[in-house]
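One structure is given here, and the rest of the page talks about it.
A note on names: the letters A, B, ... follow the listed sequences, proteins ahead of strands, and every chain is numbered from 1. Side chains included, hydrogens not; waters and symmetry mates left out as well; all remaining heavy atoms used.
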Amino acid sequence: MCVFKTCMALHVSPKLFYLPTGMEYDFSSIEERCKKLWAEQRVYEVSENPSLPKLYILDMFPYPSGAGLHVGHPLGYVASDIYARYKRMKGYNVLHPMGYDAFGLPAEQYAIETGTHPAVTTEKAIKTFRAQMDKIGFSYDWSREIKTCDPAYYKWTQWMFLRLFNSWYNREHDKAEDISTLIARFEKEGCHTGWKQYDPQQHPPFTADDWKAFSFKQRERILQCYRLAYRSFTEVNWCEALGCVLANDEVKDGKSERGGHPVTRKKMRQWSLRITEYAERLLEGLNRIDWSESIKEQQRNWIGRSEGCLIKFNVQLSKFKDDGLVIEVFTTRPDTIFGVTFLVLAPEHELLPLLTTREQKAAMDVYLQYVKSRSDVERQQEKKITGCFTGTYALHPFTGKEIPIWTAEYVLAGYGTGAIMAVPADDERDRRFAEKFGLPVIEIIDKSMYPGAGIEDKVGRMINSDFLNGMEVADAIQATINRVEKLGIGKRQVNYKLRDASFSRQRYWGEPFPIRYLVQERPDSPFVEENDPDEADIPVALSESELPLLLPDVQDFRPTGDGRSPLAKNEEWIKCHYETDTMPGYAGSSWYFLRYTDPHNPNAFASKDKLRYWQNVDVYFGGAEHAVGHLLYSRFLTKVLFDLGEVMFDEPFKKLVNQGMIQGVSKFIYRLFAEYAPPGASPQKILENYYISKDVYLSLEADGELRRNDAWQRLSAEAGNELNCDVNTAYIRYSVQLVRINVALTEGDVLDEEKLKAWRTDYATAKFIRNAQGQVLCHAEVEKMSKSKHNVVNPDDVIARYGADCFRMFEMFLGPLEQSKPWDDKGINGVFNFLKKFWRLYYDDKGWRVTDNEPDTAAYKILHKTIKKVTDDIERLNFNTCVSAMMIAVNELTAIKCNSRKILEPLALLIAPFAPFVAEELWQQFGNSGSVHLARYPVADAKYLAEDEHTYPVSVNGKVRAEIILPANITSDEAKARVLALEQIQKWTNGNAPKKFIFVPGKIINLVV
RNA sequence: GCCGCGGUGGUGGAAUUGGUAGACACGCAGGACUUAAAAUCCUGUUCACUGAAAAGUGAGUGCGGGUUCAACUCCCGCCCGCGGUACCA
């Protein structure tokens, strides 16, 4: 009984027990031994070592979800692990850590539903993740593990926030500086309108004396306009269902990315990060990093730089008085200025009420009401042409003509100035708007010499455009900007789509802000000023010594419903006037890679020495879905820290590798419905709860009627007497329904009937119509891997069956790392067979078969060509072809019955990054002390790679007709003579000299006849 | 619509600088071993045609053109799939 049990646990054939141990490839005992050895010898712990070159190889840390890992998650981890192990064996000091992005919505949603504290859920999920990762055999230095929800960690997230809060962006120096330099400036010279960074929209100008006379509160209100982390009243993406504000990158198609709940625009007072100051540098930095073009392009689009021109239009309020109202528009096509026939303001534009005439007031109110009623989803899905005339006109800055001012929802308040000059002749949206409302169109560009050019293409010759007439568009743009600047009616300007990042979440499970609100004239202590609507509005930073500000317990995790977080329900918290919002998910993840360099430091987020040694991440592995969110915020924060002298680099991730997604293969079975109609009777249902093999179903006649043919015979045989009816006089109609089942119930395409019957009670009595092989085949479809689709494959199951080495190699063998591909375990046997075959190079029936015999040249050649191939391919991150190369080597070494240590020991080293367990086992068997993973990787010896002869394909007119073996150093003429003498070639030349003879040494020979 | 990526046997994929298209693996077919099965090993496997076989001929990397002695690879024009993005002035 005991023996039987062990045998089951090992998942190997019982034969093992008739043989001495160690002869058959027994991965589970190997894994057990190796894990013990690695833990005992602390093989993967690293420290700074100035005598070795450093390499920082990082995986995007996961959010520990309750569902655990599926086979898609570890794809990138396996790749980075192979790379890290390889580089370690190549003599690099490799930092390869792992941690958890542990704050986040799912745990909190779960808490709302069940009352379980998110900390509990999260800790449990982390344990699951860790156990799963340990099984796969990663070489992470777990002594450096971090969790963003750990107070020892988020103390420094709060510290990061304070650094942002206490800094401003000095545009003259083009970098962030401590806020004290700004205060010093205000103390010395105040803030006058001539200062480059002064924005009259933010606050009025003041003198140095004014500044000194300001109250703390007044000063703070001004400083809020400059701090990198600031609180302001802004339009935010409000998600009612989640009860919280979302960042732009968390909104997709007007719905929340998590959960797909509707999102509306709402004005709210909340924290933002002044990332827009970094737009240009974030753009520039992309040119210096080794990331995929697609991610860089996504970031460029997100930042959305566009060069253009600000132009002022004076408003003609009435014919009698002109009180100087000015509308500023932003345009990238100043050349089209003479085609402007109306202006359009965003419905939220602040001048709109002033511009609306008494006659238009009623119509305007109706329109604004309509705009307000439209959700973001509606606005994006049905793009209606809507708008309303204000009743007022502006004056064209060049022609002085009256131009009507409209408002329309297609103009966005948040971009440019929130107002546009409409050029219906040259802009698609403006044209449709003009057509709908009967506004005039002035043609200004002659595109006749550019056939095929679209309405918005920047080509053509200017017409009807005064001083621009005859110019090419590109020249006209410059000429107009120059003229506008000369006349002082506008200026050249660069605009960005990028918005400041919303940094508040009205949720519980996140980092508390190290902020309390001023409620007394004395900083830092409570006060209430009468009649001050903004009484709670002056944030005061906690001092560093007060960190971490611990997240308090609450009883109820639901949002308050009035837009505040559950923290507002904690009385102590409120009493202290702490901020009740918490930080968003990217707060902790924007800097975690820095913490790994010095994870337990209580005095700094990381010491300067360690940062200087490890520097930024050399290779970062992760999914492409973080293209703009995490990757952009991390770059931003790194640049801020660089400016403030906290780190020595301004890009966090030098090289980025995006692994593809592993999709699930969903399985479906065919449920058969059939009716039988005996003569003169009404049809009756037969074959209840029957499932038919896919191939049998496809072999049935497609018209839905069964006849007495082969398929029919098979059906009858399978179904027994239920189908025992007379088809000569009656008919049987059938139809079929695809039913989704769990992938675990199948083996490749074949259904496991017993497992299906056990899966759900309604299948307990299922009956099957099998194919000729006695199998029930399923239908398969590739979809996203998800619980609800029943197509999730757990790595634990795969490892239990094939071992971790096989799992790792199969993940790599699936295809190129960056490509998305479905998980299909059909091929895993191939990798498993390979590992067994590999093992048999070292062990046969009689045991260890490796000898000290001198191998022959052929064996050396096999080894060294494989070393070269594998080394080159790891460097290129082409892990799939590495596996193939090792398969070829094992096939060839088996064929020549190689058993020499001089070949087989390096071979074990070669496979070590891919199959760390089996490599370690063999390495120990060779009698080495220390882990294989700290040994030196083999190096290809050129002497075995050089060929003294080469087999040339000989083609005639590009078609291969013969092969010839020629010495490596043969000359073209000699080769020609040898080739022309070939019988197969003479057939094509007919003895004539070829028109041309091409000889590419080491490659090919081609004749033209 | 725009941007990015991709399209190769029955399947996953290989071909790294323009140089034997289909490596390696799965699956399938046949065979060996076995009382039998599993495991393992061997052979074949792009398609079509000819042939008993050996072999030969033709076609072939989404489609249509082009450059070249030679194109999966480079150029031009399309088609399809995936991902991102969308009133951004």
Side-chain angles (χ1 to χ4, degrees), chain A residues 12-15 24 252-253 292-298 300-302 304-306 308 329-333 336 344 379-380 383-385 408-412 414-423 426-430 432-433 454 456 495-498 624-625 627-628 660-661 663 748-749 810 813-816 818-831 833-834 836-837 840 869 872-873 875-876 878 880-881 883-888 891 894 951-963 984 987 994-1000 1002-1009:
Chain A
V12 290
S13 87
K15 205 176 168 188
E24 207 141 302
K252 295 259 141 75
D253 302 324
S292 73
E293 208 39 55
S294 99
I295 299 268
K296 290 207 246 187
E297 204 52 33
Q298 280 182 54
R300 286 191 193 107
N301 291 341
W302 189 260
R305 182 183 203 272
S306 54
V329 302
F330 174 74
T331 178
T332 54
R333 295 296 304 275
T336 62
V344 191
R379 252 174 113 154
Q380 280 176 17
K383 277 171 197 158
K384 292 189 202 162
I385 306 165
E409 59 179 333
Y410 82 86
V411 176
L412 307 174
Y415 185 75
T417 60
I420 62 153
M421 56 178 223
V423 185
D426 220 49
D427 182 285
E428 187 63 41
R429 291 151 312 173
D430 296 348
R432 269 182 283 144
F433 194 82
E456 292 181 9
N495 251 323
Y496 301 92
K497 269 199 298 195
L498 185 71
E625 63 273 21
V628 284
M661 267 211 299
Q663 294 133 321
D749 284 339
F810 181 58
F813 191 61
L814 234 30
E818 311 213 351
Q819 205 169 294
S820 286
K821 53 238 160 183
W823 175 272
D824 198 341
D825 50 11
K826 267 193 218 142
I828 198 163
N829 268 318
V831 177
N833 289 341
F834 157 72
K836 284 189 284 190
K837 197 166 176 181
R840 281 197 303 276
K869 171 79 177 157
D872 289 352
D873 282 358
E875 292 287 354
R876 269 188 237 106
N878 289 347
N880 53 329
T881 49
V883 180
S884 303
M886 291 188 282
M887 286 174 168
I888 295 169
N891 288 345
T894 305
T951 307
Y952 285 91
V954 182
S955 24
V956 177
N957 294 336
K959 290 258 172 227
V960 179
R961 300 297 178 185
E963 270 189 356
Q984 304 102 296
K987 193 163 105 188
K995 275 192 202 148
K996 209 165 176 184
F997 179 82
I998 293 117
F999 176 67
V1000 185
K1003 296 275 187 191
I1004 200 175
I1005 291 165
N1006 191 16
L1007 309 183
V1008 187
V1009 298

In this structure, how many angstroms lie between the [atom2] atom of [N] and the [atom1] atom of [X], rounded?
{"X": "A/Glu409", "N": "B/C88", "atom1": "CD", "atom2": "P", "answer": "14 Å"}
{"X": "A/Asn301", "N": "B/G1", "atom1": "CG", "atom2": "P", "answer": "17 Å"}
{"X": "A/Lys821", "N": "B/A14", "atom1": "NZ", "atom2": "C1'", "answer": "14 Å"}
{"X": "A/Phe813", "N": "B/C24", "atom1": "CZ", "atom2": "C1'", "answer": "5 Å"}
{"X": "A/Ile998", "N": "B/U68", "atom1": "CD1", "atom2": "C1'", "answer": "10 Å"}
{"X": "A/Asn878", "N": "B/A23", "atom1": "CG", "atom2": "P", "answer": "18 Å"}
{"X": "A/Phe834", "N": "B/A39", "atom1": "CZ", "atom2": "P", "answer": "19 Å"}
{"X": "A/Asp824", "N": "B/G12", "atom1": "CG", "atom2": "P", "answer": "9 Å"}

Most 5' of A/Ala885 and A/Val1000 on RNA chain B, judged by nearest nucleotide
A/Val1000
Of A/Pro953 and A/Arg333, the one whose nearest nucleotide on RNA chain B sits closer to the 5' end is A/Pro953
Would you say [N] has OP1 or OP2 under 4.0 Å from some side-chain N or O of [X]?
{"X": "A/Asn891", "N": "B/A25", "result": "yes"}
{"X": "A/Gln819", "N": "B/G13", "result": "yes"}
{"X": "A/Arg961", "N": "B/U57", "result": "yes"}
{"X": "A/Lys836", "N": "B/U40", "result": "yes"}
{"X": "A/Ser306", "N": "B/A89", "result": "yes"}
{"X": "A/Lys1003", "N": "B/G19", "result": "no"}
{"X": "A/Arg429", "N": "B/C88", "result": "yes"}
{"X": "A/Arg840", "N": "B/C41", "result": "yes"}

Given [options], which nucleotide is nearest the side-chain atoms of [X]?
{"X": "A/Ile888", "options": "B/A23, B/A14, B/G84", "answer": "B/A23"}
{"X": "A/Asn1006", "options": "B/A70, B/C3, B/A89", "answer": "B/A70"}
{"X": "A/Glu297", "options": "B/C24, B/C88, B/C3", "answer": "B/C3"}
{"X": "A/Asn833", "options": "B/C24, B/U40, B/G27", "answer": "B/U40"}
{"X": "A/Leu412", "options": "B/A89, B/G13, B/U20", "answer": "B/A89"}
{"X": "A/Val1008", "options": "B/G13, B/C69, B/A89", "answer": "B/C69"}
{"X": "A/Val960", "options": "B/A89, B/C3, B/U20", "answer": "B/U20"}
{"X": "A/Tyr415", "options": "B/C24, B/C88, B/G19", "answer": "B/C88"}
{"X": "A/Lys497", "options": "B/A89, B/C88, B/C3", "answer": "B/C88"}
{"X": "A/Ser884", "options": "B/G19, B/A89, B/C24", "answer": "B/C24"}

Taking pairing as Watson-Crick or G-U wobble with both contacts under 3.5 Å, can you name the mate of [N], or confirm there isn't one?
{"N": "B/A15", "answer": "none"}
{"N": "B/C82", "answer": "B/G4"}
{"N": "B/U57", "answer": "B/A48"}
{"N": "B/A21", "answer": "none"}
{"N": "B/C41", "answer": "B/G31"}
{"N": "B/U68", "answer": "none"}

Heavy atoms only, 4.0 Å cut-off, all strands: where does [X] land among base, sugar-phosphate and nothing?
{"X": "A/Asn880", "result": "sugar-phosphate"}
{"X": "A/Pro822", "result": "nothing"}
{"X": "A/Val883", "result": "nothing"}

Rounded to the nearest 0.5 Å, how far does [atom2] of [Y] lie from [atom1] of [X]?
{"X": "A/Glu963", "Y": "A/Ile1005", "atom1": "CD", "atom2": "CD1", "answer": "11.0 Å"}
{"X": "A/Lys836", "Y": "A/Asn829", "atom1": "NZ", "atom2": "CG", "answer": "7.0 Å"}
{"X": "A/Ile295", "Y": "A/Arg300", "atom1": "CD1", "atom2": "CZ", "answer": "12.0 Å"}

When the [atom1] atoms of [N] and [M] are considered, how many whole Å apart are they?
{"N": "B/A71", "M": "B/A48", "atom1": "C1'", "result": "24 Å"}
{"N": "B/A55", "M": "B/U43", "atom1": "P", "result": "15 Å"}
{"N": "B/G9", "M": "B/C24", "atom1": "C1'", "result": "14 Å"}
{"N": "B/G65", "M": "B/A59", "atom1": "P", "result": "14 Å"}
{"N": "B/C63", "M": "B/C79", "atom1": "C1'", "result": "6 Å"}
{"N": "B/G62", "M": "B/A21", "atom1": "P", "result": "16 Å"}
{"N": "B/C82", "M": "B/C74", "atom1": "C1'", "result": "25 Å"}
{"N": "B/U61", "M": "B/U50", "atom1": "P", "result": "24 Å"}

When you measure from the side chain of [X] to the backbone of [Y], do you find a donor-acceptor pair of N or O atoms at a distance under 3.5 Å?
{"X": "A/Asp430", "Y": "A/Val423", "value": "yes"}
{"X": "A/Lys497", "Y": "A/Ser306", "value": "no"}
{"X": "A/Tyr952", "Y": "A/Gly1002", "value": "yes"}

Side chains of A/Phe433 and A/Asp427, heavy atoms from C-beta outward: is any pair under 4.5 Å?
no
Less than 3.5 Å apart, any donor N or O on the side chain of A/Thr336 or A/Asp426 sitting next to an acceptor on the other?
no
Can you check B/G84 for me, syn or anti if syn means within 90° of 0?
anti
Please assess A/Phe330 against A/Thr332 for the test side-chain contact (heavy atoms from CB on, under 4.5 Å), listing each intermediate value before the final yes or no.
CA-CA 7 Å; A/Phe330 174 74; A/Thr332 54; 4.0 Å; yes
